[in-house]
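Taking it in order: structure first as structure tokens, then the write-up.
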Amino acid sequence: MRRIDALVLLSAFSHSKLAAAKGLPRGVGPEFARFYETKPTFTCIGAQVTISSSQINDNSCDCPDGSDEPGTAACAYLDRLSPEQPLPRSVTGTTNTTNTLPGFWCNNKGHIGSYVPFMYVNDGVCDYDLCCDGSEEFAHVGGVKCENRCAAIGKEWRRVEEEKRQSKERSTARRSALVKEAGDLRAVVEGRITTLKKEIQQLEERKGELQKKYEEVERSERGKVVQTEGQGKLGILLGLAKKRVAELRSTLDKVMDQRDDLQDKVDQLEEILKALKEEYNPNFNDEGVKAAVKSYEDYAASADSDKKSDITDADILDVMKEDGETSGINWAEFEEDDASSDTDIVYNLEAYLPGFLRDYLHDKLNLLRIWMIENGILADNPKSGGESRLVVAAREALDSVKNDLTSKTSSLEEQEKDLAKDYGPEGIFRALKGKCVSSDIGEYEYELCWMDRTMQKSKKGHGNTSMGTFDRIDKELADEEERADGKGLGKGYRMVMKFENGQGCWNGPNRRTDVWLACAEKDELWRVSESEKCVYRMEVGTPAACDEVQDPGAKSKDEL
């Protein structure tokens, strides 16, 4: 059976009103009934041409718009795309015109009334998908008689529509749950942002306090003399020399290890060449072998005459012994306090003060010491082995706060970026983020991970191919016929998720995927196609793409 959905129109009037309309010519739809009231004459609907009422449905096209033949195929040839031509007895003289009526009206009692194209009227085919009552074949052309199947077809249609309605309700309920979940997740992000902002503010304040404390401690500790190992210039020199000797001893140990490894390799090569010299056939005319043997003989003669080294391994091992009283340098004899630095002079001033003034003037003398250091009068701890523990602790505390502040600032930027990201209507795809849906199609498994990526996975173990990473959400117009299984895009604007910059094609651009979304009870990848090279199209069903359905019990604004 044939079906042209573009010509199917649902009745604008109730069945009861249509049944009550008596005396209408055959094939007249309810919205055109007023033009066919019982009168002696009939005025063409789309033209100011008046004819006799008896000419209606007389199988002759008398009106230029075909409105006088609602129940026959006499005016089926009218087509605005037809070329102009003279027609005898035609008012317009051409078929290049539009038929005012959409088709032959089938009442389809027990089901839904619809229009059938005029060319289908009395063509000997029962078009039950459009005219379930069989009224379009009233002439029984070729003996064809179409029975009325509207009761069964209408019952099945209502069953399918009820399933669709229930499915739509379940899809809408699932969508509502996703919206709520997405709202909760957004609230979590907003809460994190609020918390991070407070923590960052507190860390900024803490950082300022620690910075000030660190500067004060550092300034205060400058004037203190820290007695450490190796005081004075000689002590510093001894420390450096001791460290340098240890480094040289360690390096010498590594050089000996490398020398032994190289000697082993030389011994192996000599054995190989020696075997070649002894076992090769001198009568075999191989210039390469002869040259190699001659070179080895020269090398062996030279090696026998080389002067042996005067340094033995025992001498080297003796040098590598640890320093102490019986070997090497006895550093303890040189590690003595050789002299006092200039800061000791100020430091020891306190020793000459009376006891009852010492504590009182201690801080004053320390401030004086700091002032003298800052102005270049005294050296800044020349014999100090490093920073004092107070300075180190203060700096570590400051660095810890700085690191924590950097980490939380970075986290705040990520959370704010996530909050500003487009997650679709009402942020619904936030609830699906991180979840994936896949389907086996042909030799590949295709996978969509929401707000993340699309993938093509080979079933033969040839690895995975990136088809793009999420970029944005657009809306585009779909124009497809409704599928019997309901797994289709249909007609109207649909959300399209764009996935860009996938893996590059061989000798082509980077792959990208347009993911078209349609309403469904669950997430399901229906189809994948390659519209052009490296450009893929996925059709996916998901509750997230369902429109909000108003509660039947709720009043609209117009009803208030």
Side-chain angles (χ1 to χ4, degrees), residues 1-11 13 15 18-47 49 51-79 82 87-92 95 97-154 157:
M1 288 185 292
R2 298 164 295 188
R3 180 183 181 89
I4 301 181
D5 290 340
L7 294 178
V8 176
L9 301 176
L10 298 182
S11 175
F13 300 89
H15 288 166
L18 182 61
K22 301 296 184 180
L24 285 178
R26 182 179 57 248
V28 175
E31 62 266 45
F32 296 99
R34 68 183 186 278
F35 296 107
Y36 296 89
E37 296 176 354
T38 304
K39 292 180 182 179
T41 60
F42 173 75
T43 301
C44 300
I45 297 175
V49 177
I51 61 176
S52 172
S53 295
S54 61
Q55 293 177 271
I56 297 176
N57 285 339
D58 65 348
N59 206 33
S60 175
C61 196
D62 300 303
C63 288
D65 63 347
S67 58
D68 63 310
E69 296 297 319
T72 72
C75 299
Y77 59 84
L78 295 181
D79 188 350
S82 298
L87 296 177
R89 298 176 56 191
S90 172
V91 177
T92 62
T95 58
T97 184
T98 302
N99 200 319
T100 298
L101 301 175
F104 178 94
W105 174 257
C106 293
N107 188 25
N108 294 338
K109 185 177 180 180
H111 187 32
I112 294 178
S114 65
Y115 284 102
V116 178
F118 286 116
M119 65 181 65
Y120 291 2
V121 177
N122 289 326
D123 64 348
V125 178
C126 298
D127 299 294
Y128 287 119
D129 54 343
L130 299 178
C131 193
C132 61
D133 60 7
S135 59
E136 93 279 11
E137 297 297 322
F138 58 87
H140 308 310
V141 176
V144 173
K145 184 177 181 181
C146 301
E147 60 179 319
N148 190 332
R149 297 182 180 178
C150 287
I153 293 175
W157 180 85

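Nothing fancy with the numbering, it's 1 onward along the sequence.
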In this structure, CD1 of I51 is separated from OG1 of T41 (nearest 0.5 Å) by 9.5 Å
Student check: side-chain heavy atoms of F42 and Y36 closer than 4.5 Å
yes
Derivation of the disulfide (SG to SG under 2.5 Å) call for C75 and C61
CA-CA 5 Å; C75 299; C61 196; 2.2 Å; yes
Under a 4.5 Å cut-off applied to non-hydrogen side-chain atoms, are H140 and N122 in contact?
no
List for me each residue that meets side-chain contact (heavy atoms from CB on, under 4.5 Å) alongside A151, sequence neighbours excluded, and say none if there are none.
none
Quick one: side-chain hydrogen bond (donor to acceptor under 3.5 Å, both in side chains) partners of D133, sequence neighbours excluded?
S135
Check whether any side-chain N or O of T100 sits under 3.5 Å from a backbone N or O of S67 as a donor-acceptor pair, and report yes or no.
no
Inspect cysteines C126 and C131 and report if their side-chain SG atoms are under 2.5 angstrom from one another.
no
Worked check of side chain to side chain contact (heavy atoms under 4.5 Å, CB included) between D65 and V49:
CA-CA 10 Å; D65 63 347; V49 177; over 6 Å; no
With sequence neighbours excluded, tell me which residues meet side-chain contact (heavy atoms from CB on, under 4.5 Å) with N57.
P25, R26, E69, P70, T72
Tell me, do Y120 and V125 make a side-chain contact under 4.5 Å, heavy atoms counted?
no
Quick one: CG on D62 to CD on Q55, what's the gap to the nearest 0.5 Å?
4.5 Å
Look up atom CZ in F35 and atom CD1 in I56, then write down how far apart they are to the nearest 0.5 Å.
12.5 Å
Could you tell me the separation between the CD1 atom of I112 and the CD1 atom of I153, rounded to the nearest 0.5 Å?
12.0 Å
Among all residues two or more places apart in sequence or in another chain, which pass the side-chain hydrogen bond (donor to acceptor under 3.5 Å, both in side chains) test with E37?
none
With side chains defined as the heavy atoms from C-beta onward, is the minimum distance between C132 and C106 less than 4.5 Å?
no
side-chain hydrogen bond (donor to acceptor under 3.5 Å, both in side chains) partners of S54, counting only residues at least two apart:
S52
E136 meets the side-chain hydrogen bond (donor to acceptor under 3.5 Å, both in side chains) criterion, sequence neighbours left out, with none
May I have the step-by-step check of side chain to side chain contact (heavy atoms under 4.5 Å, CB included) for C146 and E137, ending in yes or no?
CA-CA 7 Å; C146 301; E137 297 297 322; 3.5 Å; yes
Under 3.5 Å donor-acceptor, S114 side chain and L130 backbone:
yes
Determine whether F32 and P102 make a side-chain contact, defined as any pair of heavy atoms from C-beta on separated by less than 4.5 Å.
yes
Hey, are E147 and K145 close enough for a salt bridge, meaning a charged N less than 4.0 Å from a carboxylate O?
no
For residues S60 and D58, is any side-chain donor paired with an opposing acceptor at under 3.5 Å?
no
How about F118 and L101: do any of their side-chain heavy atoms sit closer than 4.5 Å?
yes
